[in-house]
Amino acid sequence: MEIGIVSTGIYLPEKRMTATEIAEEANLPVHVVKEKMGITKKPIPGENDHTVAMGIKAAKTALANGKVDAKKVDLIISIGEEHKEYPLWTSAIKIQEEIGAHHAWGFDVALRCGTTIMALQIAKAMMQTDPAIHTVLLAGGYRNNDLIDYSNERTRFMFNLAAGGGALILQRNCTKNILLASHMITDGSFSEDVIVPVGGTMKPLTKEHIEQGLYRLDVPDPTGMKARLEQKSLQHFLKVIRRSLEKSGYTEKEIDYIAMLHMKKSAHDYVLNELGLAEEQSIYLHEYGHIGQIDQILSLELAAKEGKLKRGDIVVLVSAGIGYAWGATTIIWGEAEVE
């Protein structure tokens with residue numbers, strides 16, 4: 001049974017934060033933001049660009065792009081962020097209501113910026129084992145940029161966080177954009193390296209916390225995290241890519257396009273070089289920053305619009321999320337060959 005991607009949808013806020021503005025907020029030279037961090041500008045939320053609301057807009061676009069009736073959707077998996085309109089809120093059910101998917105059911109999943117890759121694996125497995133699930137919508141939004149304090153040097157590697165929404169529609173027995181194997185790695189030794197230190201049960205949120213600006217992302221041990229992460233991160237990127245390809249019956253030499261999350265330019269180039277790929281076989285998201293788990297969907301859409309994808313191409317989506325988690329999924333692009 002083949003599972004394929006029928007369509008994608010992206011929503012980006014109109015508002016932008018430029019490299020110059022980031023540099024001013026962070027007291028950094030502009031060239032560091034542009035060249036080292038790899039950001040020329042990034043979308044940030046406007047007044048009504050709430051997390052789930054952006055996912056809903058992307059979902060409606062994906063439905064329209066794929067000419068899919070919302071009433072035909074069987075399952076909705078929300079791939080958005082924990083930072084959303086309300087706490088303790090199942091956003092998939094809100095998406096269901098807003099798009100009119102009255103015959104579907106839904107649930108939320110979370111693996112930070114690795115969520116989309118994980119959700120693709122979950123959706124495929126559920127579709128293969130439950131004959132009642134024919135069409136699945138993955139949708140969500142992201143605006144964790146709200147949780148960044150640009151004066152905090154410890155979080156400098158997250159100054160690229162941006163905002164937007166993304167969606168994918170999967171169908172059983174779809175004859176295009178065939179979803180192959182995924183591979184995931186998680187490493188719990190990093191589980192408390194990037195946190196919002198207040199607002200949970202350990203330290204319930206207080207007025208003083210808000211006044212002190214503590215309800216933001218922070219890195220308690222930046223030196224230790226950097227030393228440990230440098231030993232593992234890029235190698236884990238390469239490992240999940242290679243294992244996803246291997247499980248799919250391919251090798252890195254057969255990659256035609258790789259949809260990567262936004263990260264510093266040197267790391268992006270390192271992955272391409274290690275895989276023997278040219279710069280044009282990926283898109284560096286310097287005009288978008290890092291929209292979390294939406295990056296892979298955005299990269300796919302941009303690649304399709306720029307004519308970088310053709311029938312039969314081997315496409316790999318790759319992600320990494322704080323926690324830390326790495327993941328990759330392999331896709332055969334375009335209409336399947338008729339035997």
*Verify side chain to side chain donor-acceptor pair (under 3.5 Å) between Lys71 and His102, making sure each step is shown before the conclusion.*
CA-CA 6 Å; Lys71 295 182 180 65; His102 303 305; 5.5 Å; no
*Run the salt bridge (charged side-chain N to carboxylate O under 4.0 Å, His left out) check on Arg143 and Asp146 step by step: do they pass?*
CA-CA 6 Å; Arg143 52 177 289 171; Asp146 294 342; 2.5 Å; yes
Do you see a donor-acceptor pair shorter than 3.5 Å between the side chains of [X] and [Y]?
| X | Y | answer |
| --- | --- | --- |
| Lys247 | His183 | yes |
| Tyr11 | Asp49 | yes |
| His236 | Ser233 | no |
| Glu335 | Thr175 | yes |
| Ser244 | Thr330 | yes |
| Ser91 | Asp108 | yes |

Whether the side chain of [X] engages the backbone of [Y] through a donor-acceptor N/O pair (distance < 3.5 Å, no angle test) should be reported.
| X | Y | answer |
| --- | --- | --- |
| Thr115 | Leu111 | yes |
| Thr18 | Glu21 | yes |
| Asn160 | Gly289 | no |
| Ser7 | Asn65 | no |

*Using the benzene-type ring in the case of Trp, are the ring centres of His268 and Tyr284 under 6.0 Å apart?*
yes
Look at the side-chain heavy atoms of Ile, Leu, Val, Met, Phe, Trp and Tyr, link any pair under 4.5 Å apart, and say whether [X] and [Y] land in one connected group.
| X | Y | value |
| --- | --- | --- |
| Tyr288 | Tyr257 | yes |
| Met127 | Val68 | no |
| Ile10 | Met54 | no |
| Ile294 | Ile169 | no |
| Ile79 | Val6 | no |

4.5 Å side-chain heavy-atom contact, [X] and [Y]:
| X | Y | answer |
| --- | --- | --- |
| Thr61 | Leu63 | no |
| Cys174 | Ile3 | no |
| Met118 | Val109 | yes |
| Ser151 | Asn27 | no |
| Glu306 | Ile283 | yes |
| Arg112 | Glu81 | yes |
| Ile148 | Leu161 | yes |
| Asp130 | Asp74 | no |

State whether the number of non-hydrogen atoms from other residues, nucleotides or ligands found under 6.0 Å of [X] atom [atom1] is greater than 12.
| X | atom1 | answer |
| --- | --- | --- |
| Met1 | CE | yes |
| Glu192 | CD | no |
| Glu208 | CD | yes |
| Lys34 | NZ | no |
| Lys239 | NZ | no |
| Glu153 | CD | no |
| Glu97 | CD | no |

Can you measure from [atom1] ([X]) to [atom2] ([Y]) and round to the nearest 0.5 angstrom?
| X | Y | atom1 | atom2 | answer |
| --- | --- | --- | --- | --- |
| Lys310 | Asp256 | NZ | CG | 5.0 Å |
| Ile331 | Thr329 | CD1 | OG1 | 6.5 Å |
| Asp149 | Asp218 | CG | CG | 8.5 Å |
| Lys36 | Phe159 | NZ | CZ | 12.0 Å |
| Leu168 | Leu300 | CG | CG | 7.5 Å |
| Thr51 | Glu85 | OG1 | CD | 5.5 Å |

Atom of [X], atom of [Y] and distance for their closest heavy-atom approach:
| X | Y | value |
| --- | --- | --- |
| Pro13 | Ile44 | CB-O, 3.3 Å |
| Gly114 | Ser319 | CA-OG, 3.5 Å |
| Ala328 | Ile117 | N-CG2, 3.6 Å |
| Ile297 | Gly9 | CG2-O, 4.1 Å |

*asked:* In terms of relative ring orientation, are Tyr142 and His290 parallel, tilted or perpendicular, with 30° and 60° separating the classes?
replied: tilted
*What is the ring orientation for Trp89 with Tyr86, classed by angle as parallel under 30°, tilted 30 to 60°, or perpendicular over 60°?*
perpendicular
*asked:* Does Val271 form a side chain to side chain contact (heavy atoms under 4.5 Å, CB included) with Met260? I'd like the steps, not just the answer.
replied: CA-CA 9 Å; Val271 173; Met260 278 195 275; 3.8 Å; yes
*Do Leu317 and Thr116 pass the side chain to side chain contact (heavy atoms under 4.5 Å, CB included) test, and can you show the C-alpha distance, the side-chain angles, and the key distance before you say yes or no?*
CA-CA 9 Å; Leu317 316 183; Thr116 296; 5.5 Å; no
_Let's go through Gln171 and Thr135 carefully: what are the C-alpha distance in whole Å and the side-chain angles of both, what is the deciding distance for side chain to side chain donor-acceptor pair (under 3.5 Å) to 0.1 Å, and is it a yes or a no?_
CA-CA 5 Å; Gln171 280 186 345; Thr135 302; 3.2 Å; yes
_Please determine whether salt bridge (charged side-chain N to carboxylate O under 4.0 Å, His left out) holds for the pair Arg242 and Glu246, giving the CA-CA distance in whole Å, both sets of side-chain angles, and the decisive distance to 0.1 Å._
CA-CA 6 Å; Arg242 288 165 175 155; Glu246 181 185 347; over 6 Å; no
*Decide yes or no on side chain to side chain donor-acceptor pair (under 3.5 Å) for Thr40 and Glu287, but give the supporting numbers first.*
CA-CA 5 Å; Thr40 51; Glu287 294 185 334; 4.9 Å; no
_Candidate pair Leu261 and Gln296, rule side chain to side chain contact (heavy atoms under 4.5 Å, CB included), full reasoning_ = CA-CA 6 Å; Leu261 74 161; Gln296 293 78 34; 3.8 Å; yes
*Which one of Arg154, Lys226, Arg228 satisfies the salt bridge (charged side-chain N to carboxylate O under 4.0 Å, His left out) criterion with Asp193?*
Arg228
_Show, in sequence, the C-alpha distance, side-chain angles and deciding distance for Thr206 and Val198, and conclude whether the side chain to side chain contact (heavy atoms under 4.5 Å, CB included) test is met._
CA-CA 8 Å; Thr206 66; Val198 300; over 6 Å; no
*Charged N to carboxylate O below 4.0 Å: is that the case for Lys94 and Glu98?*
yes
